[in-house]
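If you're wondering where the values come from, they're calculated on a predicted model, not measured in any experiment.
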Amino acid sequence: MAAPIVPESESIRRAVLLLNAVDSGRFPRLLSRLLQKLHLKAESSFSEEEEEKLQIAFSLEKQDLHLVLETISFILEQAVYHNLKPPSLQQQLQSIHLDQDKAEAFASAWAAAGQDTIEKFRQRVLTPQKLETIGWQLNLQMAESMQAKLKSPRAVLELGVSNEDSKNLKKVFVEFSHQELFEFYNKLETIQAQLDSLT
């Protein structure tokens with residue numbers, strides 16, 4: 001068997017006991033929902049109201065429900081990280097004493113949505129915002145006094161950024177003098193050189 005992906009800590013042992021007591025009929029839907037939202041860092045899988053309904057449906061205290069949800073998410077994240085095959089996931093879960101029906105539910109949910117989930121994690125960006133568009137314009141300010149030859153060129157960059165969880169484009173405007181733009185350009189060159197050295 002592969003190295004264990006889930007450590008047998010005190011909280012995992014407690015979570016396994018709680019998971020084993022969860023209604024097997026409702027469990028697959030819970031797994032499916034957690035898998036759908038697993039890649040969204042900033043978003044909770046359930047609203048406050050939904051959590052209250054889950055507490056009633058699964059007869060769990062709030063603290064125990066959170067432990068169950070966090071443990072399921074942790075197990076699924078480990079499956080993503082290790083790119084586990086469904087039978088291997090089932091075997092790993094049975095080795096930490098998860099009941100066979102629950103381990104099978106994990107394996108079948110993973111078989112159905114595992115590859116999609118892994119792909120969503122691959123596409124997820126490390127920072128919350130991603131650069132989508134770049135625009136620019138040049139502004140030239142002329143002096144108003146007798147020294148009409150004084151010119152102050154300014155470059156304005158328009159950066160369209162989107163949040164990973166929503167596709168709304170937010171525009172950020174950055175203004176540079178000639179010197180500031182030159183320094184910015186040099187920093188970009190350094191970044192490009194470092195990226196090139198990594199590939």
How close do A103 and L98 get, heavy atom to heavy atom, and via which atoms?
N-CD2, 3.9 Å

Which heavy-atom pair separates F184 from L157 by the least distance, and what is that distance?
CE2-CD1, 3.9 Å

If you compare all heavy atoms of Q92 against all heavy atoms of S95, which two are closest, and at what distance to 0.1 Å?
O-OG, 2.6 Å

Looking at K170 and E132, is any side-chain nitrogen of the basic one under 4.0 Å from a carboxylate oxygen of the acidic one?
no

Dump the intermediate steps for side-chain contact (heavy atoms from CB on, under 4.5 Å) on L34 and F46, then the final yes or no.
CA-CA 9 Å; L34 285 166; F46 297 98; 3.8 Å; yes

L159 vs I134 side-chain heavy atoms within contact, under 4.5 Å:
yes

Heavy-atom side-chain proximity of N20 to K102 below 4.5 angstrom:
yes

Let me check something: any side-chain donor-acceptor pairs from residues 104-116 under 3.5 Å, sequence neighbours excluded? List them with distances.
from, atom 1, to, atom 2, distance (Å)
E104, OE2, Q100, NE2, 2.7
S108, OG, E104, O, 3.2
S108, OG, A105, O, 3.3
W110, NE1, L84, O, 2.7

Determine whether L38 and F121 make a side-chain contact, defined as any pair of heavy atoms from C-beta on separated by less than 4.5 Å.
yes

Taken in chain and number order and not counting sequence neighbours, the residues that satisfy salt bridge (charged side-chain N to carboxylate O under 4.0 Å, His left out) with R154 are E175

Please give me the minimum heavy-atom distance between I12 and F74, naming the atom from each residue.
CD1-CD2, 4.4 Å

Is any side-chain heavy atom of T190 closer than 4.5 Å to a side-chain heavy atom of Q194?
yes

Sub-4.5 Å side-chain heavy-atom contact between W136 and E158
no

Rounded at 0.5 Å granularity, tell me how far CG in L19 sits from NE2 in H97.
14.0 Å

Taking the side chain from D99 and the backbone from D101, do they hold a donor-acceptor pair closer than 3.5 Å?
no

Salt bridge (charged side-chain N to carboxylate O under 4.0 Å, His left out) with E189: which residues, sequence neighbours excluded?
none

Any chance you could pull the hydrophobic cluster mates of F173, using side-chain heavy atoms under 4.5 angstrom and chaining through other members?
V156

Taking all atoms of both residues into account, what is the closest heavy-atom pair of S45 and R33, and its distance?
O-NH2, 2.9 Å

Under the salt bridge (charged side-chain N to carboxylate O under 4.0 Å, His left out) test, residues paired with E183 that sit two or more places apart
none

Is there a side-chain contact between L54 and I56, using heavy atoms and a 4.5 Å cut-off?
no

Distance check, rounded to the nearest 0.5 Å: D64 atom CG versus S59 atom OG?
11.5 Å

Before giving the answer on salt bridge (charged side-chain N to carboxylate O under 4.0 Å, His left out), spell out for K62 and E48 the whole-Å C-alpha distance, their side-chain angles and the decisive distance to 0.1 Å.
CA-CA 10 Å; K62 186 173 190 167; E48 199 73 35; 3.0 Å; yes

Value rounded to 0.5 Å, distance of CZ in F176 from CG in N139:
13.5 Å

Would you indicate whether the side-chain heavy atoms of L35 and S32 approach each other to under 4.5 Å?
no

Could you pull out every donor-acceptor pair under 3.5 Å between side chains of residues 66-73 and any protein atom, sequence neighbours left out?
from, atom 1, to, atom 2, distance (Å)
H66, NE2, E51, OE1, 2.7
T71, OG1, L67, O, 2.7
S73, OG, L69, O, 3.1

Can you confirm whether L169 sits close enough to V161 that some side-chain heavy atom of one is under 4.5 Å from a side-chain heavy atom of the other?
no

Output yes when E10 and R13 qualify as a salt bridge under the 4.0 Å nitrogen-oxygen rule, no when they do not.
yes

Quick one: pull up OG1 in T117 and CD in E77 and give me the separation to the nearest 0.5 Å.
11.0 Å

For the hydrophobic clusters of this structure (ILVMFWY residues joined by side-chain heavy atoms under 4.5 Å, transitively), does one cluster hold both L181 and L131?
yes

